[in-house]
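In what follows, every chain begins at residue 1, and chains take the letters A, B, ... in the order their sequences are listed.
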Amino acid sequence: MEIPKQFVPGEVEERIYALWEGEGHFRADPASGKPPYVIVIPPPNVTGALHTGHAMFVTLQDILIRWRRMQGYDALWLPGTDHAGIATQMVVGKELEKQGIRREDLGREAFVEKVWEWRREKGDTILRQLRRLGASCDWSRTRFTLDPDLSRAVRKAFVDLYREGLIYRGEYMVNWCPRCGTALSDLEVEHAESRGTLWTIRYPSPDGGEGVTVATTRPETMLGDTAVAVHPEDERYRSLVGRTVVLPLMNREIPVVADAMVDREFGTGAVKITPAHDPNDFEAGKRHGLPRVVVIGLDGKMTAEAGPFAGLDRYEARKAVLKRLEAEGLLVGTSVHQNAVGHCQRCDAVVEPAVSTQWFLRIEPLAEPARRAVEEGRIRIIPDHWRKVYLNWMREIHDWCISRQLWWGHRIPAFSCKACGKAAGENDPERLLVSMEDLSACPYCGGPVEQDPDVLDTWFSSQLWPFSTLGWPEETEDFRRYYPTTVMETGYDILFFWVARMIMAGLKFTGQAPFKDVFLHGLVRDEKGRKMSKTLGNVVDPLELIDTYGADAVRFTLAILCVPGTDVALDTRRMEGYRAFANKLWNAGRFVLLQCGERLPEEPHPSLLSRWDRWILAELDRTAQEVNRALEEFKFYEAADLLYHFVWHRYCDWYVEVSKVGLNGPPERKEATRYVLLSVLDGILRLLHPFMPFVTEALWEKMPGRTGRLVEAPFPAPASPPPPDGSVERLMDLITAVRTLRTEKNLPPGRMLPLHVAPLDESAAALLDESAREEVSALARVSPVRVGGEAPPGERWLPGVAGAFRFHLERPEVDGAAAAAETARLEGELKKLAAERDKFAAKLRNPAFVEKAPPEVVAKNRAILEDYERKVREVEALLRNRGA
RNA sequence: GGGCGGUUAGCUCAGCGGAAGAGCGCCUGCCUUACACGCAGGAUGGCGCGGGUUCGAAUCCCCCACCGCCCACCA
């Protein structure tokens, strides 16, 4: 059997993935009789390309799914994509613009058809890319938010909420993106702190008097002012309340009103009121019955109401207004002012508060149960601190603007009648104008109807994802079996956007929490911890990473970097290390398989196992136990780290090395060693498979006696390994000490040197049986190994101490000049040892410590002290020997 | 303006009440017949500052200082 020296991921990944998929290992089976374990994928945008965020969730979710599948669960990982309203419309819109086609010219229907074309062409790209990472999704259940059945779920949700009065329509101040031409929810507005200017403007009295001075960051909105407000208890302005001032540039008289919303300390203590362009003023306007003058249109340009400024862009208008005010001497001051400006999440344009008629979802009745579900622990949020963030947000949550002035998405199933004027949301006493089926005539008067042109916020459909994908509102077999799902795993950046809303919707529509555990991973950043962005040029393409390092290394890196509560700094140098790890495993496998051939070694009688055999088997059990525990706690980094160290630093560095002695031994020893080598490798492949599915499956194919695929092999169950007796560790100490001495003294590694070992107690003596001497000989490259008695005298013999052993290593040539250096080295060591010893001695002399510390801690410290005391004694003895 | 993280080896980060850790990097030797994507060894730390609690603090509490994030309708 030929096995290449290096593991080349590119040569196996595609083949192995095809095997898994072709053989149907990813398909969930409702009839399996196994307990279900379900994760629904956070659906990527249809038009999206794989980025590191996707790589992260694919890695973590696939680890969970593969682990549970191997544990015997009916694991379902349900994949799919999101239509991503604004994002997709923008992408396709831009693409069409490149061809010189404007969306508006195309018209709604033709445009939407173009988007569908786009989706048919490119929509599967992202899903194919997920496969490259080894994602074991059940592709037979792939869903898309605009699929007919999912659209039906969306419609059902809307209709139910409307009928219950939880969805309403009205004219309110909303966040408006002038570039995207649509309303946005609060969450879609990103606030960016910026250094702005605070201008103070004087509004004179009608009689030409002083009037009042107001402060504003947005002078262009003054054109729409319909009042000035002061605090009711502000002495400075008491006489002005109830009178009017003249709005400059517009020459309109506007009243001065008293309102407690005014902060007397800020600015001049007088606030201009623009009910049409500021959320606070909008409310104030309602309180005081002020007219709303719209001066900025939905396109971001000044309206006819802006008089001489009509037609100007809002920022041009700002400049023009300031110029005019200055010319008229009414601009009294400017100062630097820090404030947060809202930007559109999608296009980054400055969001405009605008009055418009939109659909809203009343949130409080939904939020309350969602809050309780988390408070009462029916849903667990991990890491815990996100729980607090969730609860805080849920307490302050506002109604959700769900309508979007877009074409791509779920059209709102609301109608209005042209004949009788009845309209959904406004004048629909029997709530007939929103329904599951499209209306062709007015249910009130039979007149002609038309449908609301708006579509729903993408997140409105996303919030139904955990159940709409399983068939809801139908009681399908999948829905009954796989809902509620088990784990929701996603990035914390969409906790509010998505997770919170799924919880609300799940409880509302299914009466059940949609999942039990929410695990929120950190965001992937560059190697310096900076956010990845195109402008910084530090974006890492996961596909390139897979090409360079292999999917296994990419996954392992992401997993081992995933510490709950922390963002991930993706360092490619580190990834090199895990590619090396995959290769290390590959070569360990190669060694074992070459030793065993095609034959499955016979299971040895327990009495034939060596101390190393028992040790590595126990370590394997312990590792399996810890890995299971870590995964249950979503501590991916810990599980990965445990495996890395077990495989490399215990199995490879020690067991495989020492096995070479056993493989040269008598037949039973040889057979037992082979057996242990192979069974530990078997355990490693199983444990590592969720993390590195490709290498492990590739090696599994070559394992003698294997049945089936690793992807469905049982995961090592928690076991209780026998307590370690420490004998292996003591031999390791001896071997390491000898190696250290060798390296320090620069003794040729290729040459065997005689070693003399003096055990310091009975158990140490018992340890040094014939096989131990062979092992020390092989691993420390010393020979012969003599045991017992006093050390041979003379300067040829280099002294050392390791745990319960004193030893001497013979050097090839006598180098008289170096003798003093050896003494100096030993003296230095003695000093360090004595210092440590004194530290512990002092601690143990402290009566408070001895009395109050737990007994096991005192005992441990005492053992450490004794160890140091012995070492000090031995080194002293060595020094005396040399002196003599 | 509220809230939340972080500050530990040159770099990226674990540890979160009882001998300071990992990976990478660095230094010294080695092509020892699984692996040079390797082997063996080594160096490197006032655990942000200042207080407190404790027999004992990187770990718990308080204060401060930087760095970062989230939420928020103070013009």
Without decimals, in angstroms, what is the distance between [X] [atom1] and [N] [atom2]?
X: A:R781; N: B:G29; atom1: CZ; atom2: P; result: 18 Å
X: A:Y390; N: B:C70; atom1: OH; atom2: C1'; result: 17 Å
X: A:E638; N: B:A14; atom1: CD; atom2: C1'; result: 9 Å
X: A:I494; N: B:C71; atom1: CD1; atom2: P; result: 13 Å
X: A:F266; N: B:C73; atom1: CZ; atom2: C1'; result: 13 Å
X: A:F849; N: B:C55; atom1: CZ; atom2: P; result: 13 Å
X: A:K745; N: B:C30; atom1: NZ; atom2: C1'; result: 19 Å
X: A:K388; N: B:G2; atom1: NZ; atom2: P; result: 17 Å

So if I take every side-chain heavy atom of [X] and compare against [options], which nucleotide ends up nearest?
X: A:A848; options: B:G41, B:A34, B:C55; value: B:C55
X: A:R579; options: B:A19, B:C73, B:C37; value: B:C37
X: A:N861; options: B:G18, B:A72, B:U12; value: B:G18
X: A:H645; options: B:A22, B:C37, B:A75; value: B:A22
X: A:N583; options: B:G23, B:A34, B:C37; value: B:C37
X: A:K852; options: B:C55, B:A75, B:A40; value: B:C55
X: A:H337; options: B:A75, B:C39, B:U12; value: B:A75
X: A:Y644; options: B:C24, B:A34, B:C71; value: B:C24
X: A:H191; options: B:A72, B:G41, B:A75; value: B:A72
X: A:Y868; options: B:A19, B:G3, B:G18; value: B:A19

Tell me whether the side-chain N/O atoms of [X] come closer than 4.0 Å to OP1 or OP2 in [N].
X: A:Y637; N: B:G15; answer: yes
X: A:T566; N: B:C69; answer: no
X: A:W648; N: B:C37; answer: no
X: A:K584; N: B:C39; answer: yes
X: A:K860; N: B:A19; answer: yes
X: A:H649; N: B:G23; answer: yes
X: A:R739; N: B:G41; answer: yes

Check your understanding: Can we say A:R629 and A:E633 salt-bridge, meaning some charged N sits less than 4.0 Å from an Asp/Glu carboxylate O?
Key -> yes
Practice item. In plain terms, say whether A:E836 and A:K839 are close enough for a salt bridge, that is, a side-chain N and a carboxylate O under 4.0 Å apart. Key: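 Looking at A:K839 together with A:E836, the answer is yes, because their closest N to O distance falls below 4.0 Å.
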Review point. Between A:A582 and A:R574, which is nearer to the 5' end of RNA chain B once each is assigned its nearest nucleotide?
Key: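 That would be A:R574.
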Point to revise | A:D263 or A:V568, whichever maps to the more 5' nucleotide of RNA chain B | key: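 Final value for this comparison: A:V568.
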Exercise for review: If the plane angle is over 60° it's perpendicular, under 30° parallel, otherwise tilted; pick one for A:H337 and A:F266.
Suggested key: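 It falls in the perpendicular class, over 60°.
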Exercise for review: For the pair A:F360 and A:Y172, name the ring-plane relationship: parallel under 30°, tilted 30 to 60°, perpendicular over 60°.
Suggested key: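 It falls in the perpendicular class, over 60°.
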Watson-Crick/G-U partner (both atom distances under 3.5 Å) of [N]:
N: B:U33; answer: none
N: B:G1; answer: B:C71
N: B:A40; answer: B:U28
N: B:C11; answer: B:G23

Review point. Looking at B:A40, does its base get a donor-acceptor pair with the side chain of A:E744 below 3.5 Å?
Key: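 Result: no qualifying N/O pair found.
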Review point. Any donor-acceptor pair under 3.5 Å joining the side chain of A:E851 to the base of B:C55?
Key: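 Donor-acceptor pair under 3.5 Å: no.
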Check your understanding: Just by distance, do the side chain of A:D259 and the backbone of A:A229 share a donor-acceptor pair under 3.5 Å?
Key ->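 It does not hold such a pair.
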Practice item. Return the set of residues passing ring pair (Phe, Tyr, Trp, His ring centres under 6.0 Å) with A:W393 (not counting sequence neighbours), or none when no residue passes. Key: A:F496
Practice item. Return the set of residues passing ring pair (Phe, Tyr, Trp, His ring centres under 6.0 Å) with A:F7 (not counting sequence neighbours), or none when no residue passes. Key: A:W586
Practice item. Using a heavy-atom cut-off of under 4.0 Å over every strand shown, decide if A:V262 touches base, sugar-phosphate, or nothing. Key: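 Answer is base: heavy atoms of A:V262 come under 4.0 Å of a base.
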